[in-house]
Amino acid sequence: MTDTPASYSGPQRIFSGIQPTGNLHLGNYLGALKKFVDLQEDGWDAVYAVVDLHAITMPMEKGALLSQTRQIAAAFLACGVDPKKSILFAQSSVKAHVELAWIFNCVARMGWVERMTQFKDKAGKDAERASVGLFTYPVLQAADILAYKATHVPVGEDQKQHLELSRDIADRFNREYDAPGFFPLPEPLIKGPGARVMSLKDGTKKMSKSDPSELSRIALVDDADMIAKKIKKAKTDLLGDMPSEVDGLEGRPEVENLVGIYAALSGESVEAILRQYGGQGFGVFKPALAEVTVNHLSPITQRYREILDDPAFIDSVLQDGAERADAISAPVIAEVWKLVGFWGA
Ligand code: TYM
């Protein structure tokens, strides 16, 4: 849909967010959090939010929002997001998100939003009873990104369609308000072996917070025994031992997923892993995978628990992040207000 070249010439910046709903799992870690830290270490200017406004688009347990927001902030910190290098804040504490979302609600077309498959998945059969917020969820997501004029967005593959919508909204705003290059057309950063981690119980479904089976996902708070148990019980297939080449993963989604997790956590290539384990049974590979997973996650889990014990520290990080995020986004909103032509802008 976007056919004009991006003529944005401002600085490059990253934005991404995670919802404070349910326990984070290995998919959130490999698809998002690990990448956030890698990008931060590569020197990117990065803004990360706990997207609590998004969380209320679906029913939530009463009174849970605040503690879940702190939990996700603690997870960001435990995984290595450094508040001295990156900005970390709660979405609801910075007004720009809601303000820009309204403007974008008037820029996005119904037809574009109606195509979003995540709404269809989350609303289920009874879409009439879904909140209007759930429908416009991806419009708020575009506002999150563009309030900071972010040029790059690290996410898992499930967010690809939302990112395309963000680009369409940015492009349409720029044209409608005669402001070429005002907003960048944000690029998704999706590549890598962890971009789509699948359920441990079904290699064709993504690992998800909402799967009723705890055995389908590894939670970031699982201890070593639980991780080993879940990997031991992970579904494989009856097509024999581990293949020794990548071609041999074809038609074996569960095996491909386990090898992908091993690759993403160890930093080894899929080829090298298959060379090492090809021809061996899962009785050998699964304990090795459990060991790699535990070694990688246990320091994170330990830090997470320590940080959670210090809510005053979490709040101070979020407060400082909110001020820094506001300092970037408030001037963008002021410019948007002028471009739209509101009184007093
Ligand atoms: P959320 O909270 O559902 O998920 C957070 C991040 O985890 C990624 N992810 C996965 N990656 C790989 N494999 C999986 N099985 C898996 N499951 C989840 C998601 O892709 C995401 O990167 N809409 C977003 C939150 C959001 C956002 C934004 C993201 C709101 N505003 C602006 C980027 C930019 C979401 O639902 O994330």
Side-chain angles (χ1 to χ4, degrees), residues 13-36 39 46-58 68-69 71-73 75-76 79 81 89-92 94 96-98 100-101 104 116-119 121-122 133-134 136-167 169-170 186-211 216-220 253 256-257 260-261 264-265 325 329:
R13 174 175 292 137
I14 279 178
F15 182 92
S16 198
I18 297 188
Q19 294 194 69
T21 48
N23 265 335
L24 291 180
H25 53 69
L26 195 60
N28 300 126
Y29 177 67
L30 292 175
L33 284 158
K34 183 171 183 297
K35 279 190 215 152
F36 299 169
L39 291 160
V47 182
Y48 297 124
V50 182
V51 290
D52 48 358
L53 295 169
H54 278 105
I56 63 167
T57 58
M58 292 283 279
Q68 291 193 8
T69 300
Q71 279 168 26
I72 299 298
F76 269 96
C79 290
V81 168
F89 70 104
Q91 183 192 30
S92 60
V94 176
H97 298 257
V98 170
L100 192 55
F104 285 174
M116 298 294 116
T117 54
Q118 188 168 300
F119 173 76
D121 292 347
K122 287 201 172 172
L134 186 66
T136 63
Y137 175 117
V139 178
L140 176 60
Q141 182 161 346
D144 297 339
I145 298 163
L146 293 164
Y148 302 89
K149 297 193 174 183
T151 51
H152 294 80
V153 186
V155 278
E157 209 174 87
D158 60 341
Q159 295 300 311
K160 199 169 168 200
Q161 201 186 29
H162 287 172
L163 264 290
E164 280 159 13
L165 182 77
S166 298
R167 292 169 63 84
I169 291 175
E187 296 277 345
L189 297 175
I190 295 183
K191 280 196 213 79
R196 192 166 171 78
V197 179
M198 309 310 278
S199 157
L200 298 180
K201 288 282 151 202
D202 178 350
T204 63
K205 272 187 10 199
K206 73 166 184 171
M207 186 176 283
S208 156
K209 290 173 191 164
S210 55
D211 193 312
S216 70
R217 60 184 164 263
I218 291 173
L220 285 191
E256 187 176 7
N257 187 40
I261 292 173
L265 288 172
S329 55

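When a ligand or atom number is given, it counts from 1 through the structure's own listing order.
- A donor-acceptor pair shorter than 3.5 Å can be found between the side chains of Gln159 and Gln118.
- The single protein non-hydrogen atom nearest to atom 19 (C) of ligand 1 is Asp158 OD1, 3.4 Å, given as residue, atom name and distance.
- In Ala195, the part holding a heavy atom less than 4.0 Å from any atom of ligand 1 is the backbone.
- For atom 28 (C) of ligand 1, the nearest non-hydrogen atom of the protein is Gln141 CG, 3.3 Å.
- At the shortest separation from atom 6 (C) of ligand 1 among protein heavy atoms lies Ala32 CB, 3.6 Å.
- Among protein heavy atoms, atom 11 (N) of ligand 1 sits closest to Gly27 O, 3.1 Å.
- At a 3.5 angstrom cut-off on N or O pairs, Ser16 does not count as close to ligand 1.
- Contact annotation for Gln19 and ligand 1: heavy atoms of both the backbone and the side chain come within less than 4.0 Å of the ligand.
- Looking at residues two or more places apart in sequence or on another chain, you find a side-chain contact (heavy atoms from CB on, under 4.5 Å) between Pro253 and Thr204.
- In terms of protein heavy-atom proximity, atom 35 (C) of ligand 1 is nearest to Tyr137 OH, 3.4 Å.
- Take Arg13 and apply the salt bridge (charged side-chain N to carboxylate O under 4.0 Å, His left out) test, not counting sequence neighbours, and it matches Asp45.
- In the candidate list Pro188, Gly194, Gly17, Gly17 is nearest to atom 37 (O) of ligand 1, counting heavy atoms.
- In terms of protein heavy-atom proximity, atom 5 (C) of ligand 1 is closest to Asn28 ND2, 3.6 Å.
- Shortest contact from atom 15 (N) of ligand 1 to any protein heavy atom: Val197 O, 2.7 Å.
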